[in-house]
Amino acid sequence: MISFESDYIAGAHPEILKRLCETNLESLSGYGADKYCESAKNKIRKAIGMENADIEFLVGGTQTNAVIISTMLSDYEGVVAAKTGHVNVHEAGAIEYTGHKVLEISQSNGKIVPDVLSKYLADFYADGNHEHMPFPGMVYISHPTEYGTIYLKNELEQISEICHQYNIPLFLDGARLGYGLMSKASDVTLSDIARLCDVFYIGGTKVGALCGEAVVFTHVNKPKHFLTSVKKRGALLAKSRLLGIQFDTLFTNGLYFSIGKHAIDMAERMKNMFIAHNLPFFIDSPTNQQFVILENSKMEQMKKKIAFSFWEKYDDTHTVVRFATSWSTTENDLLALEELLIHYYGLCCKPA
(Lines give C-alpha, C1' and ligand atoms only; values in the text may rest on other atoms or scores of the structure.)
Protein backbone atom coordinates (compact mmCIF):
# COMPACT_ATOMS: atom_id res chain seq x y z
CA MET A 1 0.00 0.00 0.00
CA ILE A 2 1.27 3.50 -0.86
CA SER A 3 1.49 5.61 2.28
CA PHE A 4 1.38 9.34 2.93
CA GLU A 5 0.53 8.71 6.57
CA SER A 6 3.48 10.61 8.01
CA ASP A 7 7.08 11.62 7.40
CA TYR A 8 8.59 8.87 9.55
CA ILE A 9 6.94 5.79 8.01
CA ALA A 10 10.13 4.71 6.20
CA GLY A 11 13.37 3.74 7.93
CA ALA A 12 16.27 6.08 7.25
CA HIS A 13 17.87 7.79 4.30
CA PRO A 14 20.25 5.40 2.45
CA GLU A 15 23.25 7.64 3.18
CA ILE A 16 22.61 7.25 6.89
CA LEU A 17 22.24 3.50 6.66
CA LYS A 18 25.45 3.34 4.64
CA ARG A 19 27.39 5.23 7.31
CA LEU A 20 25.90 3.12 10.11
CA CYS A 21 27.05 -0.02 8.32
CA GLU A 22 30.49 1.40 7.58
CA THR A 23 31.06 2.26 11.24
CA ASN A 24 29.25 -0.70 12.77
CA LEU A 25 32.31 -2.59 14.04
CA GLU A 26 34.06 0.43 15.53
CA SER A 27 34.40 0.37 19.30
CA LEU A 28 33.16 3.71 20.59
CA SER A 29 32.40 5.26 23.96
CA GLY A 30 28.76 5.73 24.88
CA TYR A 31 26.49 8.49 26.19
CA GLY A 32 27.63 11.13 23.72
CA ALA A 33 31.37 10.76 24.25
CA ASP A 34 32.15 9.36 20.80
CA LYS A 35 33.93 11.11 17.94
CA TYR A 36 30.86 11.14 15.69
CA CYS A 37 28.75 13.03 18.21
CA GLU A 38 31.53 15.60 18.50
CA SER A 39 31.88 15.87 14.73
CA ALA A 40 28.13 16.30 14.33
CA LYS A 41 28.07 19.03 16.98
CA ASN A 42 30.81 20.94 15.20
CA LYS A 43 29.00 20.70 11.87
CA ILE A 44 25.76 21.93 13.44
CA ARG A 45 27.59 24.83 15.10
CA LYS A 46 28.98 25.79 11.71
CA ALA A 47 25.53 25.49 10.08
CA ILE A 48 23.90 27.79 12.62
CA GLY A 49 26.84 30.22 12.73
CA MET A 50 27.29 29.92 16.49
CA GLU A 51 30.61 28.48 17.68
CA ASN A 52 29.69 28.47 21.37
CA ALA A 53 26.33 26.70 21.09
CA ASP A 54 25.80 23.75 23.43
CA ILE A 55 24.40 20.74 21.57
CA GLU A 56 23.05 17.46 22.94
CA PHE A 57 21.42 14.50 21.19
CA LEU A 58 18.21 12.98 22.52
CA VAL A 59 16.25 9.99 21.30
CA GLY A 60 12.86 11.42 20.23
CA GLY A 61 10.60 14.43 20.04
CA THR A 62 8.32 13.86 23.03
CA GLN A 63 11.28 13.03 25.27
CA THR A 64 13.08 16.12 24.02
CA ASN A 65 10.13 18.42 24.67
CA ALA A 66 9.60 16.99 28.15
CA VAL A 67 13.29 17.14 29.08
CA ILE A 68 13.86 20.69 27.84
CA ILE A 69 10.74 22.10 29.45
CA SER A 70 11.13 20.33 32.78
CA THR A 71 14.85 21.13 33.18
CA MET A 72 14.56 24.80 32.21
CA LEU A 73 11.50 25.64 34.29
CA SER A 74 11.31 26.25 38.03
CA ASP A 75 8.83 24.10 39.92
CA TYR A 76 6.24 26.89 40.02
CA GLU A 77 6.35 27.60 36.28
CA GLY A 78 4.43 26.37 33.24
CA VAL A 79 5.02 26.64 29.50
CA VAL A 80 2.95 28.88 27.22
CA ALA A 81 1.85 27.16 24.00
CA ALA A 82 -0.73 27.56 21.28
CA LYS A 83 -3.95 25.67 21.93
CA THR A 84 -3.06 23.42 18.99
CA GLY A 85 0.58 23.07 20.05
CA HIS A 86 2.05 19.58 20.00
CA VAL A 87 2.89 19.61 23.71
CA ASN A 88 -0.70 20.57 24.48
CA VAL A 89 -2.52 18.09 22.24
CA HIS A 90 -0.50 15.15 20.98
CA GLU A 91 1.96 14.23 23.72
CA ALA A 92 -0.37 12.38 26.09
CA GLY A 93 0.16 14.86 28.92
CA ALA A 94 3.93 14.29 28.94
CA ILE A 95 4.60 17.86 30.06
CA GLU A 96 2.06 17.78 32.87
CA TYR A 97 3.54 14.43 33.93
CA THR A 98 6.76 16.29 34.75
CA GLY A 99 4.80 18.58 37.08
CA HIS A 100 4.59 21.57 34.74
CA LYS A 101 1.34 22.87 33.30
CA VAL A 102 0.89 23.73 29.62
CA LEU A 103 -0.62 27.23 29.56
CA GLU A 104 -2.60 27.34 26.35
CA ILE A 105 -3.40 30.49 24.44
CA SER A 106 -5.37 31.07 21.25
CA GLN A 107 -3.75 30.41 17.88
CA SER A 108 -4.01 31.51 14.28
CA ASN A 109 -3.32 28.82 11.68
CA GLY A 110 -1.48 26.88 14.36
CA LYS A 111 0.77 29.81 15.31
CA ILE A 112 1.09 32.01 18.37
CA VAL A 113 0.24 35.62 17.50
CA PRO A 114 2.70 38.11 19.08
CA ASP A 115 -0.03 40.50 20.24
CA VAL A 116 -1.97 37.66 21.85
CA LEU A 117 1.16 36.46 23.65
CA SER A 118 1.99 39.96 24.86
CA LYS A 119 -1.53 40.48 26.21
CA TYR A 120 -1.51 37.09 27.92
CA LEU A 121 1.71 37.84 29.77
CA ALA A 122 0.64 41.37 30.66
CA ASP A 123 -2.74 40.14 31.95
CA PHE A 124 -1.05 37.47 34.06
CA TYR A 125 1.09 39.94 35.96
CA ALA A 126 -1.81 42.41 36.23
CA ASP A 127 -3.89 39.75 38.00
CA GLY A 128 -3.76 40.40 41.73
CA ASN A 129 -3.97 36.66 42.34
CA HIS A 130 -1.13 35.60 40.06
CA GLU A 131 0.93 34.30 43.00
CA HIS A 132 -1.67 31.52 43.23
CA MET A 133 -1.25 30.59 39.56
CA PRO A 134 1.42 28.72 37.58
CA PHE A 135 3.85 31.33 36.27
CA PRO A 136 4.55 31.54 32.52
CA GLY A 137 8.18 30.46 32.53
CA MET A 138 8.77 29.65 28.86
CA VAL A 139 7.16 30.09 25.45
CA TYR A 140 6.92 27.03 23.21
CA ILE A 141 6.41 27.20 19.46
CA SER A 142 6.83 24.62 16.71
CA HIS A 143 8.18 25.36 13.25
CA PRO A 144 6.50 24.08 11.18
CA THR A 145 3.39 23.97 13.31
CA GLU A 146 1.04 21.03 13.68
CA TYR A 147 -0.84 22.39 10.64
CA GLY A 148 2.25 22.68 8.47
CA THR A 149 2.35 26.46 8.74
CA ILE A 150 5.54 28.40 9.39
CA TYR A 151 6.62 31.51 11.25
CA LEU A 152 8.03 34.39 9.24
CA LYS A 153 11.14 36.15 10.47
CA ASN A 154 9.29 39.24 11.69
CA GLU A 155 6.91 37.05 13.72
CA LEU A 156 9.82 35.22 15.36
CA GLU A 157 11.53 38.53 16.07
CA GLN A 158 8.42 39.87 17.78
CA ILE A 159 7.91 36.74 19.87
CA SER A 160 11.58 36.68 20.81
CA GLU A 161 11.45 40.32 21.89
CA ILE A 162 8.38 39.65 24.06
CA CYS A 163 10.16 36.73 25.72
CA HIS A 164 13.20 38.92 26.43
CA GLN A 165 10.93 41.61 27.86
CA TYR A 166 9.59 39.11 30.40
CA ASN A 167 12.95 37.34 30.84
CA ILE A 168 11.62 33.92 29.80
CA PRO A 169 13.19 31.58 27.22
CA LEU A 170 11.78 30.97 23.76
CA PHE A 171 11.81 27.27 22.86
CA LEU A 172 11.30 26.17 19.25
CA ASP A 173 10.25 22.58 18.56
CA GLY A 174 11.98 21.71 15.28
CA ALA A 175 10.76 18.15 14.83
CA ARG A 176 10.05 19.02 11.17
CA LEU A 177 12.47 21.93 10.96
CA GLY A 178 14.02 20.77 7.67
CA TYR A 179 10.69 21.16 5.89
CA GLY A 180 10.10 24.61 7.36
CA LEU A 181 13.53 25.84 6.33
CA MET A 182 13.13 24.60 2.76
CA SER A 183 9.58 25.85 2.26
CA LYS A 184 9.42 28.35 -0.59
CA ALA A 185 7.29 30.57 1.65
CA SER A 186 10.01 30.80 4.32
CA ASP A 187 12.28 33.75 4.94
CA VAL A 188 13.83 32.16 8.03
CA THR A 189 17.27 30.56 8.11
CA LEU A 190 18.85 28.21 10.62
CA SER A 191 21.03 31.11 11.76
CA ASP A 192 17.92 33.24 12.35
CA ILE A 193 16.43 30.55 14.56
CA ALA A 194 19.66 30.22 16.53
CA ARG A 195 19.78 33.98 17.01
CA LEU A 196 16.16 34.42 18.05
CA CYS A 197 15.56 31.33 20.17
CA ASP A 198 17.07 30.42 23.53
CA VAL A 199 16.78 26.72 22.81
CA PHE A 200 15.59 24.74 19.81
CA TYR A 201 16.04 21.34 18.33
CA ILE A 202 16.79 20.03 14.88
CA GLY A 203 14.52 17.09 14.22
CA GLY A 204 16.05 13.94 12.83
CA THR A 205 13.29 11.37 13.32
CA LYS A 206 10.95 13.07 10.84
CA VAL A 207 13.67 14.33 8.50
CA GLY A 208 15.56 11.27 7.33
CA ALA A 209 16.99 9.68 10.49
CA LEU A 210 15.99 6.45 12.19
CA CYS A 211 15.60 8.42 15.40
CA GLY A 212 17.06 11.33 17.27
CA GLU A 213 16.85 15.09 17.81
CA ALA A 214 19.71 17.58 18.16
CA VAL A 215 19.04 20.05 20.99
CA VAL A 216 20.75 23.43 20.65
CA PHE A 217 21.21 25.83 23.58
CA THR A 218 22.17 29.16 22.08
CA HIS A 219 23.02 31.47 24.99
CA VAL A 220 25.28 29.46 27.29
CA ASN A 221 22.06 28.44 29.03
CA LYS A 222 22.18 24.66 29.10
CA PRO A 223 20.77 23.53 32.46
CA LYS A 224 23.32 22.41 35.03
CA HIS A 225 24.13 18.69 34.90
CA PHE A 226 21.89 18.36 31.84
CA LEU A 227 23.17 14.88 30.95
CA THR A 228 22.17 13.62 34.39
CA SER A 229 18.69 15.08 33.96
CA VAL A 230 18.34 13.51 30.51
CA LYS A 231 19.23 10.11 31.91
CA LYS A 232 16.93 10.52 34.89
CA ARG A 233 14.07 11.16 32.45
CA GLY A 234 14.85 8.09 30.32
CA ALA A 235 15.94 10.00 27.21
CA LEU A 236 19.65 9.16 27.12
CA LEU A 237 20.83 6.63 24.56
CA ALA A 238 23.76 4.46 25.67
CA LYS A 239 24.83 3.77 22.07
CA SER A 240 24.91 7.47 21.30
CA ARG A 241 26.98 6.73 18.20
CA LEU A 242 23.64 5.98 16.54
CA LEU A 243 22.64 9.63 16.97
CA GLY A 244 26.06 11.11 16.29
CA ILE A 245 26.59 9.22 13.04
CA GLN A 246 23.13 10.13 11.80
CA PHE A 247 23.47 13.85 12.46
CA ASP A 248 27.04 13.86 11.21
CA THR A 249 25.69 12.42 7.95
CA LEU A 250 22.69 14.76 7.81
CA PHE A 251 25.01 17.77 8.09
CA THR A 252 27.50 16.54 5.49
CA ASN A 253 27.13 17.93 1.95
CA GLY A 254 23.81 19.56 2.80
CA LEU A 255 21.88 16.28 3.11
CA TYR A 256 19.49 17.64 5.75
CA PHE A 257 18.48 20.48 3.46
CA SER A 258 18.22 18.36 0.30
CA ILE A 259 15.91 15.97 2.17
CA GLY A 260 13.73 18.92 3.12
CA LYS A 261 13.70 20.28 -0.43
CA HIS A 262 12.71 16.92 -1.92
CA ALA A 263 9.77 16.58 0.46
CA ILE A 264 8.64 20.14 -0.30
CA ASP A 265 8.84 19.53 -4.05
CA MET A 266 6.77 16.36 -3.71
CA ALA A 267 4.25 18.12 -1.47
CA GLU A 268 3.78 20.95 -3.97
CA ARG A 269 3.06 18.48 -6.74
CA MET A 270 0.63 16.64 -4.50
CA LYS A 271 -1.04 19.92 -3.56
CA ASN A 272 -1.53 20.74 -7.24
CA MET A 273 -3.28 17.39 -7.70
CA PHE A 274 -5.74 18.21 -4.93
CA ILE A 275 -6.35 21.64 -6.44
CA ALA A 276 -6.92 20.18 -9.90
CA HIS A 277 -9.49 17.74 -8.49
CA ASN A 278 -11.22 20.55 -6.60
CA LEU A 279 -10.57 19.02 -3.19
CA PRO A 280 -10.97 21.67 -0.48
CA PHE A 281 -8.09 22.38 1.88
CA PHE A 282 -8.59 22.75 5.62
CA ILE A 283 -5.59 25.09 5.82
CA ASP A 284 -3.06 26.44 3.35
CA SER A 285 0.19 24.70 4.27
CA PRO A 286 3.48 25.60 2.54
CA THR A 287 5.32 22.56 3.89
CA ASN A 288 5.27 18.77 3.55
CA GLN A 289 1.97 18.29 5.39
CA GLN A 290 -1.19 18.87 3.36
CA PHE A 291 -4.62 18.90 4.98
CA VAL A 292 -7.66 18.22 2.80
CA ILE A 293 -11.35 17.74 3.54
CA LEU A 294 -12.80 14.45 2.31
CA GLU A 295 -16.38 13.27 2.18
CA ASN A 296 -16.61 10.42 4.67
CA SER A 297 -17.77 7.67 2.32
CA LYS A 298 -15.02 8.43 -0.19
CA MET A 299 -12.50 8.66 2.61
CA GLU A 300 -13.39 5.16 3.78
CA GLN A 301 -13.05 3.82 0.25
CA MET A 302 -9.72 5.55 -0.33
CA LYS A 303 -8.32 4.19 2.93
CA LYS A 304 -8.43 0.71 1.44
CA LYS A 305 -5.99 1.75 -1.29
CA ILE A 306 -3.73 4.40 0.22
CA ALA A 307 -2.66 5.42 3.72
CA PHE A 308 -3.14 8.91 5.17
CA SER A 309 -3.83 10.29 8.65
CA PHE A 310 -7.10 11.24 10.30
CA TRP A 311 -6.75 14.77 11.62
CA GLU A 312 -10.09 15.95 12.88
CA LYS A 313 -13.80 15.80 12.21
CA TYR A 314 -14.95 18.63 9.93
CA ASP A 315 -18.71 18.09 10.10
CA ASP A 316 -21.12 15.15 10.17
CA THR A 317 -20.27 14.09 6.62
CA HIS A 318 -16.69 15.29 6.12
CA THR A 319 -13.29 14.70 7.76
CA VAL A 320 -9.98 16.56 7.70
CA VAL A 321 -7.16 14.20 6.72
CA ARG A 322 -3.42 14.74 6.39
CA PHE A 323 -1.14 13.65 3.56
CA ALA A 324 2.59 13.96 4.30
CA THR A 325 5.64 13.65 2.07
CA SER A 326 9.21 12.85 3.11
CA TRP A 327 12.65 11.90 1.80
CA SER A 328 11.19 8.55 0.73
CA THR A 329 8.30 9.89 -1.37
CA THR A 330 8.73 8.82 -5.01
CA GLU A 331 7.34 9.60 -8.45
CA ASN A 332 5.47 6.30 -8.31
CA ASP A 333 3.84 7.32 -5.03
CA LEU A 334 2.46 10.45 -6.67
CA LEU A 335 1.30 8.52 -9.74
CA ALA A 336 -0.54 6.05 -7.51
CA LEU A 337 -2.22 8.94 -5.70
CA GLU A 338 -3.21 10.55 -8.99
CA GLU A 339 -4.75 7.29 -10.24
CA LEU A 340 -6.77 7.02 -7.05
CA LEU A 341 -7.99 10.61 -7.34
CA ILE A 342 -9.02 9.99 -10.96
CA HIS A 343 -10.92 6.89 -9.87
CA TYR A 344 -12.90 8.72 -7.22
CA TYR A 345 -13.07 12.26 -8.61
CA GLY A 346 -12.87 11.87 -12.38
CA LEU A 347 -10.27 12.40 -15.09
CA CYS A 348 -7.89 15.27 -14.53
CA CYS A 349 -4.47 16.48 -15.54
CA LYS A 350 -1.40 14.56 -14.45
CA PRO A 351 0.76 16.03 -11.68
CA ALA A 352 3.12 18.77 -12.78
Side-chain angles (χ1 to χ4, degrees), residues 7-8 11-61 63-65 67-68 143 171-182 189-195 197-223 226-227 229-231 235-262 326-327:
D7 35 26
Y8 51 84
H13 191 279
E15 285 297 316
I16 288 176
L17 292 180
K18 177 184 175 185
R19 288 296 291 143
L20 289 172
C21 289
E22 290 172 348
T23 59
N24 188 51
L25 295 180
E26 293 184 28
S27 297
L28 298 167
S29 298
Y31 303 112
D34 63 275
K35 63 183 180 180
Y36 295 107
C37 282
E38 189 58 35
S39 176
K41 290 177 183 180
N42 287 331
K43 289 179 181 179
I44 291 172
R45 290 187 184 106
K46 183 176 180 180
I48 67 175
M50 196 169 284
E51 294 182 0
N52 295 324
D54 283 314
I55 299 167
E56 300 292 344
F57 300 112
L58 274 68
V59 292
Q63 297 96 322
T64 298
N65 287 334
V67 169
I68 289 174
H143 180 81
F171 167 33
L172 185 145
D173 175 337
R176 292 186 168 95
L177 184 56
Y179 307 127
L181 292 172
M182 300 312 295
T189 67
L190 200 50
S191 295
D192 291 328
I193 288 171
R195 174 174 58 88
C197 297
D198 299 283
V199 57
F200 70 98
Y201 69 93
I202 301 168
T205 303
K206 295 174 180 174
V207 193
L210 284 171
C211 62
E213 326 297 321
V215 181
V216 184
F217 296 94
T218 59
H219 297 117
V220 196
N221 57 338
K222 183 172 73 173
F226 185 69
L227 186 72
S229 296
V230 173
K231 186 163 190 175
L236 184 63
L237 191 62
K239 292 184 179 180
S240 53
R241 62 191 292 155
L242 176 64
L243 304 178
I245 290 167
Q246 290 187 96
F247 276 95
D248 191 60
T249 305
L250 286 171
F251 280 84
T252 298
N253 298 325
L255 180 60
Y256 190 75
F257 304 99
S258 64
I259 284 174
K261 182 179 185 303
H262 173 78
S326 73
W327 66 268

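When reading the values below, keep in mind they use all heavy atoms of this one structure, side chains included, and skip hydrogens, waters and symmetry mates.
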is_close_aromatic(Phe247, Tyr256), centroid dist under 6.0 Å | no

Pair Lys35 + Glu38: basic N to acidic O under 4.0 Å = no

Which pair of non-hydrogen atoms, one from Gly49 and one from Ser191, has the smallest distance, and what is that distance?
-> N-OG, 4.2 Å

Aromatic ring centroids of His262 and Trp327 under 6.0 Å?
-> no

Would you call Arg19-Asp248 a salt bridge at under 4.0 Å N-O?
-> no

Is it true that the side chains of Gln246 and Tyr36 contain a donor and an acceptor less than 3.5 Å apart?
-> no

Report the C-alpha distance between Thr64 and Val215 in whole Å, list the side-chain angles of each, state the deciding distance to 0.1 Å, and finish with yes or no for side chain to side chain contact (heavy atoms under 4.5 Å, CB included).
-> CA-CA 8 Å; Thr64 298; Val215 181; 3.6 Å; yes

Measure the shortest side-chain to side-chain distance between Lys206 and Arg176 over non-hydrogen atoms and say whether it is less than 4.5 angstrom.
-> yes

Go through the steps for Phe226 and Phe217 under the test ring-ring contact (aromatic ring centres under 6.0 Å, His included), then give the verdict.
-> CA-CA 11 Å; Phe226 185 69; Phe217 296 94; 5.1 Å; yes

Is a side-chain N or O of Arg241 found less than 3.5 angstrom from the main chain of Leu20, in a donor-acceptor match?
-> no

Report the relative orientation of the aromatic rings in Phe171 and Tyr201; use parallel for angles under 30°, tilted for 30 to 60°, perpendicular for over 60°.
-> tilted

Using side-chain contact (heavy atoms from CB on, under 4.5 Å) as the criterion, point out the one residue from Leu237, Leu243, Val67, Leu236 that pairs with Leu58.
-> Val67

Donor-acceptor contact below 3.5 Å, side chain Thr205 vs main chain Gly212 | yes

Asp192 side-chain N/O to Thr189 backbone N/O, donor-acceptor pair under 3.5 Å | yes

Does Ile16 offer a backbone N or O that forms a donor-acceptor pair with the side chain of Thr249 under 3.5 Å?
-> no

Modelled atom types, side-chain donor and acceptor of Ser39 and Asn42, under 3.5 Å = no

Side chains of Ser240 and Asp34: do they bring a donor and an acceptor to under 3.5 Å?
-> yes

